[in-house]
Amino acid sequence: KELRGIRSSEMINFENIDFDSIDHKQFEGICFELIWRNDFKNVEWRGSTDDQGRDIEAIHEIENPITGNIYEKWHFECKKYTKAVPKTDLIDKIAWADANKPDALVFLLSSHLSNQTKDWLSKIDNQKSYKIYVIEGTQLKKLIFKLPDLIGRYFNIGGLGFLKSLMNNWLLYNSEPSTGTLKNLLKSVEFEYASDSELLYLLSASLIAKNRIFESDEGVQNLNFDMVMKEFSKRVGNKSKKIITNDEQVSITGITEHHFYYRNKEYYFCISNFMILNGDNFHSGLHCVMGDGEWWSGFKNVEFADTGFEFLLFENSNFETRMRKIKSEAMNYLRELEKKKISFTK
C-alpha cells in the first residue's frame, strides 16, 4: 500500500500512521484538519473538557439550485483508544446529541467498536432525529493516507515534525534555527509532504541565514536551495494576483538582501519583516520578493522589466501564507511597497 508517484526512498505506508505515537490532543488535531480539508465550513475545535458532547463541530453545505443551499450542523467526537471502544464511552455523547439536535454525529476512532457497541448503535440509529456515523481506525487511516503532508507533520515523516517545532519557536520566541539545522533539513525534508507554511518557513529561514556573516555560521554559503525551490516553483505555478493589495497599508523593516543559485541561475532576494494594516486589523510576518538575473544590481536605478516570485508568511497560529509569480517589473513593485511604509502605533 505505497503512495503512487513517490520514489522508493520516500514511500509512505499505513505503518507510518501510528496513532499510538501521538497523544489525544494531536489525534484531535489531525481529525480537525481532516474535516477542514474535506470542505466542511465553520470548523470549530472546542478543545475543552466541557465540550458538551463533541470535540469538533462544523457546517456541511449541500448545494441545491432550486431551493437554495442547505446547511447541516455536524458534530464530531474523537476517540483515541488502543483497544475496542466500549458502549459506556458513547452513551453520554449520544445524550448530548439528543439535547443539541445536530443533523449528524460522527465518531472518529483510532481503533474500533466492540461488537456489543456496534449492535447497540444499529438498534438506536433509526430512533434518532440525526444520523450516526462511525469512522473506525482502518477507514480513518485511508482518509489520512490521501493527505501525505498530514502524515509527515503529525507522525514526523521526512523531518516535518521537527520543522513544525521550529516554526512554533519562531512564533513564540522569535528564534532562528542554526545554519547546521537548516542544512540538515534542506537535505532531509521530503518537501512534497510539507504544507505551504512549512515550505515557506524553511525557505524564509534559509534566505535569512544567507545574510549571516559571523563565525559560528561558517558554511552558510553552501545552503542548497534546489529541492525547496523546485517545490515552491511548482506550487506557485502561474498565480499572479497581487498579494498585497492597494488598500492595505504596509510597513516593511529589517530588509535582508542576498543571492543564491537554483538550476545554474542566480536569484536575488529581498526578505523583511512586515506589518499590514487592513481596516482595524494588524497582521505581521515575513515578506519576500525574489527575482532571477541581474535585475538586483543598481537597486535604486533599475528601470527594465523583470520577473520573480513573492510570498508572505504570517506570524500567527495558523501560519497563513500567500504566494504568487510576478510576471514583470518585480523591482518596481518592490520599490512601490517601500514607498508605502508607515509608522504603526497601537
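- Panel note: side chain Glu136, backbone Leu113; a donor-acceptor pair is recorded below 3.5 Å.
- Atom NZ of Lys41 sits about 6.0 Å away from atom CG of Asp39, to the nearest 0.5 Å.
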Applying side-chain contact (heavy atoms from CB on, under 4.5 Å), run through Phe311 and Thr321 and close with a yes or a no. CA-CA 7 Å; Phe311 68 80; Thr321 62; over 6 Å; no

Working note: Phe191 + Leu202, criterion side-chain contact (heavy atoms from CB on, under 4.5 Å); need CA distance, chi angles, decisive distance, verdict. CA-CA 10 Å; Phe191 297 108; Leu202 184 54; 3.4 Å; yes

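- Nearest heavy atom pair, residue Asp125 against residue Ile132, reads OD1-N, 3.5 Å.
- Between the side chain of Lys80 and the backbone N or O of Ile22 there is at least one donor-acceptor pair closer than 3.5 Å.
- Taking the side chain as every heavy atom from C-beta outward, Ile244 and Leu312 approach each other to under 4.5 Å.
- Judged by distance alone, with hydrogens and angles left aside, the side-chain atoms of Ser111 form a donor-acceptor pair with the main-chain N or O of Lys83 at under 3.5 Å.
- Cluster membership for Phe162 and Leu172, using ILVMFWY side-chain heavy atoms within less than 4.5 angstrom, is not shared.
- To the nearest 0.5 angstrom, Ile271 atom CD1 is 7.0 Å from Leu203 atom CG.
- No side-chain heavy atom of Lys128 sits under 4.5 Å from any side-chain heavy atom of Leu105.
- Heavy atoms of other residues, nucleotides or ligands lying less than 6.0 angstrom from CH2 of Trp120 number more than 12.
- With a 4.5 Å cut-off between side-chain heavy atoms of Ile, Leu, Val, Met, Phe, Trp and Tyr, the cluster of Ile70 takes in Ile62.
- Geometrically, Arg54 does not engage Tyr130 in a cation-pi contact, judged by NZ or CZ lying under 6.0 Å from the ring centre and within 45° of the ring axis.
- Here the closest non-hydrogen pair linking Glu320 and Arg322 is OE2-NE, 4.1 Å.
- Nearest heavy atoms, Met290 versus Leu207: SD-CD1, 4.2 Å.
- Judged by distance alone, with hydrogens and angles left aside, the side-chain atoms of Lys93 form no donor-acceptor pair with the main-chain N or O of Glu77 at under 3.5 Å.
- Within the structure, salt bridge (charged side-chain N to carboxylate O under 4.0 Å, His left out) pairs that include any residue of residues 59-70 do not occur (at least two apart or interchain).
- The OG atom of Ser284 sits 6.5 Å away from atom CZ of Phe274, with the distance rounded to the nearest 0.5 Å.
- Checked by atom type and distance alone, the side chain of Asn100 never pairs as donor or acceptor with a backbone atom of Pro102 at under 3.5 Å.
- Shown here for Val289 and Tyr333, the closest heavy-atom pair between the two residues is CG2-CE2, 4.4 Å.
- Summarising the geometry of Leu313 relative to Ser204, their closest heavy-atom pair is CD2-OG, 4.4 Å, with the distance given to 0.1 Å.
- Taking the six-membered ring where the residue is Trp, the centroids of Phe269 and Phe225 are separated by 6.0 Å or more.
- Between the CG atom in Asn38 and the CG atom in Leu147 there is a gap of 6.5 Å [rounded to 0.5 Å].
- Looking at heavy atoms from C-beta onward, Glu231 lies in side-chain contact with Glu192 at the 4.5 angstrom threshold.
- Atom CZ in Phe309 sits 10.5 Å away from atom SG in Cys288 (nearest 0.5 Å).
- For Tyr201 and Phe319, the gap between ring centers reaches or exceeds 6.0 Å.
- The hydrophobic cluster containing Leu166 does not contain Tyr173, counting ILVMFWY residues as joined when their side-chain heavy atoms lie under 4.5 angstrom apart, directly or transitively.
- Using a 4.5 Å cut-off between side-chain heavy atoms of Ile, Leu, Val, Met, Phe, Trp and Tyr, with links allowed through other members, Ile59 and Trp36 fall into different hydrophobic clusters.
- Side chains of Ile35 and Leu108 form a contact here, defined as non-hydrogen atoms less than 4.5 Å apart.
- For the ring-ring contact (aromatic ring centres under 6.0 Å, His included) with Phe76, the lone residue among Tyr133, Phe40, Phe27 that qualifies is Phe40.
- You'll find the side chain of Tyr154 stays beyond 4.5 Å of the side chain of Ile17, heavy atoms only.
- Within the 4.5 Å cutoff, no side-chain heavy atoms of Lys325 are placed close to those of Thr307.
- Under the 3.5 Å distance criterion, the side-chain polar atoms of Ser233 are left unmatched by any main-chain donor or acceptor of Lys230.
- Tyr193 OH to Glu198 CD: the interatomic distance, rounded to the nearest 0.5 Å, is 13.5 Å.
- Taking 4.5 Å as the limit, every side-chain heavy atom of Lys131 sits out of range of all side-chain heavy atoms of Asp103.
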From CA spacing to verdict: side-chain contact (heavy atoms from CB on, under 4.5 Å), Glu190, Met227: CA-CA 9 Å; Glu190 297 170 6; Met227 296 307 296; over 6 Å; no

Asn224 vs Leu186, side-chain contact (heavy atoms from CB on, under 4.5 Å): CA-CA, chis, key distance, verdict: CA-CA 7 Å; Asn224 188 331; Leu186 287 168; 5.5 Å; no

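- The two residues Cys31 and Cys78 make their nearest non-hydrogen contact at CB-SG, 3.7 Å.
- Side chain of Gln26 to backbone of Asp23: a donor-acceptor contact under 3.5 angstrom is found.
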